[in-house]
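Note sheet for the following structure.
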Amino acid sequence: MKNYLSIHDIPDLNMAIKEALYMKEFPYAFAEAGKRKTLGLLFFNSSLRTRLSTEKAARNLGMNVMTLNVNSDSWQLEFGDGVVMDANKAEHIKEAAQVLSQYCDILAVRAFPGLKNKSEDELEIVLTAFETYASVPIVNLESSTAHPLQGFTDAITIYELTEKCRIENRKPNVVLTWAPHPRALPHAVANSFVQTMQRLDVNFTITNPEGYDLSSEVRKETKVSYNQNDAFAKPALSGAEGADIVYVKNWSSYENYGQVKSQDRSWMITAEKLKQTNNAKVMHCLPVRRNVVIADDVLDSAASAVIQQAGNRTWAAQWVLKNILKDGE
Amino acid sequence: MKNYLSIHDIPDLNMAIKEALYMKEFPYAFAEAGKRKTLGLLFFNSSLRTRLSTEKAARNLGMNVMTLNVNSDSWQLEFGDGVVMDANKAEHIKEAAQVLSQYCDILAVRAFPGLKNKSEDELEIVLTAFETYASVPIVNLESSTAHPLQGFTDAITIYELTEKCRIENRKPNVVLTWAPHPRALPHAVANSFVQTMQRLDVNFTITNPEGYDLSSEVRKETKVSYNQNDAFAKPALSGAEGADIVYVKNWSSYENYGQVKSQDRSWMITAEKLKQTNNAKVMHCLPVRRNVVIADDVLDSAASAVIQQAGNRTWAAQWVLKNILKDGE
Amino acid sequence: MKNYLSIHDIPDLNMAIKEALYMKEFPYAFAEAGKRKTLGLLFFNSSLRTRLSTEKAARNLGMNVMTLNVNSDSWQLEFGDGVVMDANKAEHIKEAAQVLSQYCDILAVRAFPGLKNKSEDELEIVLTAFETYASVPIVNLESSTAHPLQGFTDAITIYELTEKCRIENRKPNVVLTWAPHPRALPHAVANSFVQTMQRLDVNFTITNPEGYDLSSEVRKETKVSYNQNDAFAKPALSGAEGADIVYVKNWSSYENYGQVKSQDRSWMITAEKLKQTNNAKVMHCLPVRRNVVIADDVLDSAASAVIQQAGNRTWAAQWVLKNILKDGE
């Protein structure tokens, strides 16, 4: 694996899930794989899980880690081509990426979208610039349109949560549901989740209010329902037994790009609402706003898998770093 | 030791002092004790000594360290139960503490009080929430009401400074004195110092202006004098020879909670004033405002033990981490 | 080597260049030299290259590294002697430096000048205070008047870039040229470059607009030309073939201290202008403002050596740390 920019960079997702679970069981099985290799973690935005789980993963592989909060520790970066740099930005990404490539063996980058200009955000200016100018592999720690470490984590977690389906010899019913939120949030997590589910052998449905459809390029053939209750009770095209997995996430409107069109509290996930499902496990990438996105009675119940899911971030990152290191040998 | 939340968590303080001094002599005696263990340092407030000495201690034990400046690196945390999280706070402590427990084997937390609301501060909301929701041991890096790593450090330092008393076969005379400061400061350091002295075989006196008595629950039977000169000259109930140790600290009023009632410069510690003592050594947890809290002629003299004291932070932290690791085996 | 405060602290610069290039070839040749030693990196200002290359260098030597962004992580420091500290600054450098010396085996400090008051800046208050009060070696990560890690890096890079001159058995022609910049920048990099060139066997010329002469104490006998084209075409007193090395840097006026007297765009380095040189390689310490200081057609061409130069920061730092550790044995 050269870079890890999207979930599509994992060649065999089912095998990767099993390898990551092996690392979960034996965290130090590859404790020398990253010896004398340095991971650079570059944050243009806040991070808790990504920051710490990726560092932890690197350390488990014996790597050194250097973290840079770009805007506060370093210089403002310019990404435009041909710009006369006489304003606030002191350094161009061309230099920064090439320089960092000499200090680090892998660069991992988090840069959120502005959510003002769809086409600009979709250019993935920051991530693409690092990919273009760096001479070392790049890992996406959440960009404008994708959060593939989260997507892979979700695949691992769903595998763990659906043993009952394997016993019953049937596909899991997985529902991605929109939920309300006071702020405009990016589409990255939802996009990567959709793209991940499309690669797994699951019955997958998205449910969101009208006006909240994700990009058609991401959705492709995935069914969208505007009725959350229907989606929870009858998620698969085959009808059947109700959702096994309810994956909760807010995102701002894609059509009316970056706008908060609805804060409809009836979309909040509650214990009552989950009764319609097949005893579903509830997932969320965190951070989650309690009693806005998901109610306390779900998060504090056995239905919640959000902590287990966050724990799996380490193994997803460790698998990705291990496979990049391996191909760099 | 499960957690280290207060000085009371050390079962045998005199033995712990000797074990910490052994670590000071042989810093790498337990260099494998923390192998493949991770310490998470979580700062809600500024830190110099605590940040670096605790990291140093962990490294001496072979631990990995991940530091998070919570407010700038990560998300604002909500601590309230049942809150509808539709305002500024993106993540609830319930999730944060559980998630961090999966990345770290010990979590150490610094969170200062607001000094506006006594009963709220005394609930120790942040520390208690971590203790409640984390599944790993918690170390207090200074909370609203206690700074037990400082307290233990002070016990170690007083042991080092009072060899003359052991030779003379008498108890050391220890005085905790209030000193002026332009800002409202917490009671944490003073509280932990009082609680530490109450566990040692010393003659202990507190001196502060009227209106500055510490919490009676902390003071218990400890004598308080409103006359600093008396306290320095005749610290013990037994009368005797003057203070051997003068421990200096400002705190805001406890009665008129969080208020600065006095900036009486006559309480500043000067070389002249120390003449009344038994050639006392002067301690302060640092940072110290020169010529406000303690005069240059003390800090720049052989009477000052503040640097030695700060150096001992490492060994206090190392003892605490080592004992938590040991009990987690 | 006790401290590394200026390029003059390197006793034999030519030998040091060769030793640093040995480390570039064998980064882990001294992987145990810093075992159980801790480097403290203290930043009063932003940093990218210095922060990461110095950490990388330390890790290559097996050192532990603790980084402190002084103003955001810790307490505001007071540097004045005898000050009554009743304003914003909570800690005096006297304590901070002595305390840090107990946690770290080497302290490295970055503190930029205010550029308001020449004589104050030239006192090097921060660096001098650390040197005075710390009990461990001090490394200058860029102070008011010097950036000697950059100077040493430049010496290494020029050695690499001038093999042709060694083959032709002649001295390299090296030109330091001022270039325009919208902000008032320090003299540190230019000063250290001048002092480094004065110690190497090169023909060295400075070119800058009138009113931009560097300090005469730094320049000494070095020739200054106010005509950039002349300097590029005929850099050496001997006349000859044009510049082999063009080192570009902006600095604010020294005479009219800290002022931006000129933003004359005709001083920007362009491909056209380089035609006058002897196929010169272009160096800059970075960050560089494209199309203000140096044009895209230079930075994106084979003439640019800025990335190679930034890469050499690691080996300069590694040589310095290695030699300080060696003398501390």
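A, B, ... follow the sequence lines: proteins, then strands. Residue 1 opens every chain. All heavy atoms count here, side chains included; hydrogens, waters and symmetry mates do not. Keep in mind the model is a prediction, meaning the values are calculated, not measured.
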task = Select one option (side chain, backbone, both, neither) describing which atoms of C/N64 are under 4.5 Å from chain B's heavy atoms.
result = side chain
ask   = In Å, rounded to the nearest 0.5 Å, how long is the span from OH of C/Y103 to CZ of B/R51?
value = 12.5 Å
inquiry  = Heavy-atom cut-off 4.5 Å, strictly under: side chain, backbone, both or neither for B/R290 against chain C?
reply    = both
message = Just verifying a value: how many Å separate C/L68 CG and B/L52 CG, rounded to the nearest 0.5 Å?
response = 5.5 Å
Side chain, backbone, both or neither of B/P287 within contact of chain C (heavy atoms, under 4.5 Å) = both
task = Heavy-atom distances under 4.5 Å only: say whether C/N71 touches chain B with side chain, backbone, both or neither.
result = neither
ask   = Considering only heavy atoms, which portion of B/N60 lies under 4.5 Å from any heavy atom of chain C: side chain, backbone, both, or neither?
value = neither
query = In residues 120-138 of chain C, which residues are in contact with chain B at a heavy-atom separation under 4.5 Å?
reply = none
ask   = So which residues of residues 40-49 of chain B are in contact with chain C at a heavy-atom cut-off of under 4.5 Å?
value = B/S46, B/S47, B/L48, B/R49
request  = Please say whether more than 12 non-hydrogen atoms of neighbouring residues, nucleotides or ligands are located less than 6.0 Å from NZ in C/K2.
outcome  = yes
note = Those residues at least two apart in sequence (or on a different chain) that pass side chain to side chain contact (heavy atoms under 4.5 Å, CB included) with C/V260 are C/A184, C/Y212, C/Q263
request  = Dump the intermediate steps for side chain to side chain contact (heavy atoms under 4.5 Å, CB included) on B/V288 and C/M85, then the final yes or no.
outcome  = CA-CA 9 Å; B/V288 63; C/M85 290 172 59; over 6 Å; no
inquiry  = Ignoring hydrogens, what is the shortest heavy-atom contact between B/D296 and C/G82? Give both atom names and the distance.
reply    = OD2-CA, 3.2 Å
message = Any carboxylate oxygen within less than 4.0 angstrom of a Lys/Arg side-chain nitrogen, looking at B/D300 and C/K94?
response = yes
key: CA sep, side-chain torsions, deciding dist, call: C/N88, B/R183, side chain to side chain contact (heavy atoms under 4.5 Å, CB included)   = CA-CA 10 Å; C/N88 290 319; B/R183 301 269 173 89; 3.2 Å; yes
key: Which portion of C/V83 sits near chain B, non-hydrogen atoms under 4.5 angstrom   = backbone
remark   = Okay, C/S72 and chain B: the region with an atom under 4.5 Å from a heavy atom over there is backbone
message = Once side chain to side chain contact (heavy atoms under 4.5 Å, CB included) is applied, do any residues pair with C/N312, and if so which ones, sequence neighbours excluded?
response = C/K24, C/T153, C/I156, C/T157, C/E160, C/Q308, C/W315
query = How many angstroms lie between OG1 in C/T38 and NZ in B/K56, if you round to the nearest 0.5 Å?
reply = 4.5 Å
inquiry  = Rounded to the nearest 0.5 Å, what separates atom CD1 in B/I307 from atom CD in C/Q102?
reply    = 6.5 Å
note = Of C/K89, C/E78, C/E95, C/H92, the largest count of non-hydrogen pairs under 4.5 angstrom with chain B goes to C/E95
ask   = OG/B/S53 to CE/C/M66 distance, rounded to the nearest 0.5 angstrom?
value = 8.0 Å
